[in-house]
K.L.:
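The structure that follows is given in the form of structure tokens.
Values below: all heavy atoms of this structure, side chains included; hydrogens, waters and symmetry mates excluded. The residues of the chain are indexed from 1 along the displayed sequence.
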Amino acid sequence: MTPKYVATALFTLLASSPLQAAEYRYEASLNLGRTSVDPEAGSNTSDPLIRSKSAELTYFFAPVESGDGPVGEAAFLRHASSVTLAAALENYESNDNGAADEEEIDSTDYDIAVRKVFSRDTDWVVEGLLGRGKVEIEDTNGQKEKLDTDQTIFSISRYVQAHTEIGITRGVFELEQDQANGETGEIKQTSVWGKTVRALDDGAFFSLWGEVGKQDANIDAFLASFANSPNLGEGDFEGSFYKVGAAYFPNALIEVGAE
């Protein structure tokens, strides 16, 4: 299924200690999302719905000062090193027109990520992420399949200016059926990206970011084992992608953005 339109409602709660101009050592966030997908013309699936929940806890190896810009970007502005623990739950539901039962996919993911910023004399940054997850798929006939997922991401970047960072990222996403001699699949991704945060004359701030890359998937045999789950994807592919985004900060605590 290739969606032609996606509408998402996302609620995020961010907590740091404290929120005013001071130093802090941790950030915690809670995200609740709801995404409605309008399938392309001719699809036999009606309005898939994705519900997501995620939580993150980040600890900074040195105190982060939050007094010279948006609180949400303080770690980026201060070139802070950190370790992050994250957990996410996602539920996907779709209904084939005329079918009594829904296809449902439930996933659980746990990640640990480390970001190391070297001295401000060089401003090189190394990041790594390891993730582990489980997915349970129930098709419209009530049959269930389980699989395990592993994610490894490595990135190297540099602050080319005090508040501008560019880098390159390599990621590998592996899938394996939760059974003896189960089929496996692999998706590889390489991208280059950049981000900047700038101050405006009125005391507000804005940020811009973008990413462009390539994906290479080897999952034909893996998807063929799910004959009753047509919405899992279209098999092996190579393709490119891009992402862009921007945010406006009228003051240190408020952010309005889009991507």
Side-chain angles (χ1 to χ4, degrees), residues 1-8 10 12 29 31 33 35 37 40 50 52 54 56 58 72-73 75-76 79 81-84 86 88 90 92 105 107 109-118 123-133 135 147-161 163-176 184-198 206-223 231-247 257-259:
M1 179 195 69
T2 303
K4 66 177 182 179
Y5 175 76
V6 177
T8 302
L10 178 66
T12 301
S29 66
N31 300 278
T35 301
V37 181
E40 64 181 358
I50 302 173
S52 61
S54 64
E56 290 186 2
T58 298
E73 297 287 0
F76 174 80
H79 302 196
S81 299
S82 62
V83 59
T84 299
E90 188 171 272
Y92 169 95
I105 303 175
S107 65
D109 294 287
Y110 301 96
D111 302 326
I112 180 170
V114 177
R115 175 179 169 91
K116 171 61 178 176
V117 183
F118 293 91
D123 285 326
W124 285 99
V125 184
V126 173
E127 296 181 79
L129 179 146
L130 295 176
R132 180 73 173 171
V135 180
L147 60 101
D148 298 318
T149 63
D150 289 292
Q151 184 175 202
T152 304
I153 299 174
F154 177 78
S155 177
I156 184 169
S157 59
R158 190 182 185 193
Y159 283 91
V160 294
Q161 295 180 351
H163 300 158
T164 301
E165 183 181 4
I166 60 173
I168 182 170
T169 296
R170 174 69 169 176
V172 178
F173 185 74
E174 298 178 332
L175 308 98
E176 181 178 1
T184 62
E186 184 179 70
I187 301 174
K188 298 179 181 180
Q189 177 174 304
T190 304
S191 65
V192 293
W193 51 269
K195 177 179 178 178
T196 188
V197 177
R198 299 292 179 180
F206 74 92
S207 66
L208 298 172
W209 62 93
E211 181 180 15
V212 60
K214 178 181 179 181
Q215 289 181 326
D216 183 4
N218 183 16
I219 53 177
D220 257 347
F222 177 79
L223 293 180
N231 290 327
L232 288 177
E234 300 175 353
D236 291 355
F237 66 87
E238 291 185 4
S240 59
F241 68 91
Y242 68 91
K243 303 176 184 177
V244 293
E259 63 179 58

K.L.:
About how many Å separate CD of Glu90 and OG of Ser52, when rounded to the nearest 0.5 Å?
P.N.:
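It comes to 6.0 Å.
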
K.L.:
So among Arg158, Lys195, Arg198, which one has a side-chain hydrogen bond (donor to acceptor under 3.5 Å, both in side chains) with Thr164?
P.N.:
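The single option meeting the side-chain hydrogen bond (donor to acceptor under 3.5 Å, both in side chains) with Thr164 is Arg198.
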
K.L.:
Is there a side-chain contact between Lys188 and Lys214 in this structure, where contact means two heavy atoms from C-beta onward sitting under 4.5 Å apart?
P.N.:
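A side-chain contact under 4.5 Å is absent here.
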
K.L.:
If you round to the nearest 0.5 Å, how far is OG of Ser81 from CZ of Phe118?
P.N.:
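These two atoms lie 8.0 Å from each other.
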
K.L.:
Do the side chains of Phe76 and Glu165 get nearer than 4.5 Å, heavy atoms only?
P.N.:
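Yes, their side chains come closer than 4.5 Å.
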
K.L.:
Going from CZ on Arg170 to CD1 on Ile153, what distance comes out if it is rounded to the nearest 0.5 angstrom?
P.N.:
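The distance works out to 11.5 Å.
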
K.L.:
Restricting to side-chain contact (heavy atoms from CB on, under 4.5 Å), what partner residues turn up for Ser54, sequence neighbours left out?
P.N.:
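Asn31, Ala88.
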
K.L.:
When you measure from the side chain of Tyr159 to the backbone N and O of Val125, does any donor-acceptor pair fall under 3.5 Å?
P.N.:
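A pair under 3.5 Å: no.
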
K.L.:
Does the side chain of Phe241 come within less than 4.5 Å of Glu211's, by heavy atoms?
P.N.:
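Glu211 vs Phe241: side chains touch.
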
K.L.:
Show the nearest heavy-atom pair for residues Val135 and Ser107, with the distance to one decimal.
P.N.:
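Smallest heavy-atom distance, with atoms named: CG2-CB, 3.9 Å.
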
K.L.:
Roughly how far, to the nearest 0.5 Å, is the CG atom of Leu129 from the CG atom of Asp111?
P.N.:
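So the gap between those two atoms works out to 4.5 Å.
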
K.L.:
Heavy-atom distance under 4.5 Å between the side chains of Ile166 and Val192, does that happen here?
P.N.:
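The answer is no, as the side chains (C-beta and beyond) never meet within the 4.5 Å cut-off.
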
K.L.:
Do Phe154 and Val126 have side chains that get closer than 4.5 Å, going by heavy atoms?
P.N.:
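Answer yes - side chains close enough.
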
K.L.:
With the side chain counted from C-beta on, respond yes when Thr152 and Leu130 share a heavy-atom pair under 4.5 Å apart, and no when they do not.
P.N.:
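Yes, at least one pair of side-chain atoms sits under 4.5 Å.
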
K.L.:
State, with a plain yes or no, whether a side-chain heavy atom of Ser157 is found less than 4.5 Å away from one of Trp193.
P.N.:
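Heavy-atom side-chain distance check passes, below 4.5 Å.
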
K.L.:
Between Asp150 and Arg132, is there a side-chain N and carboxylate O pair less than 4.0 Å apart?
P.N.:
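Looking at Arg132 together with Asp150, the answer is yes, because their closest N to O distance falls below 4.0 Å.
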
K.L.:
Between Ser240 (side chain) and Gly213 (backbone), is there a donor-acceptor pair under 3.5 Å?
P.N.:
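Such a contact is absent between Ser240 side chain and Gly213 backbone.
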
K.L.:
Within the side chain of Thr58, is there an N or O that forms a donor-acceptor pair under 3.5 Å with the backbone of Thr84?
P.N.:
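Absent.
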
K.L.:
Just how far is it from atom OG1 of Thr196 to atom CD of Glu73, taken to the nearest 0.5 Å?
P.N.:
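Answer rounded to 0.5 Å: 10.0 Å.
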
K.L.:
Mind checking the CD-CD spacing from Glu174 to Glu186? Nearest 0.5 Å is all I need.
P.N.:
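Interatomic distance, Glu174 CD to Glu186 CD, rounded to 0.5 Å: 5.5 Å.
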
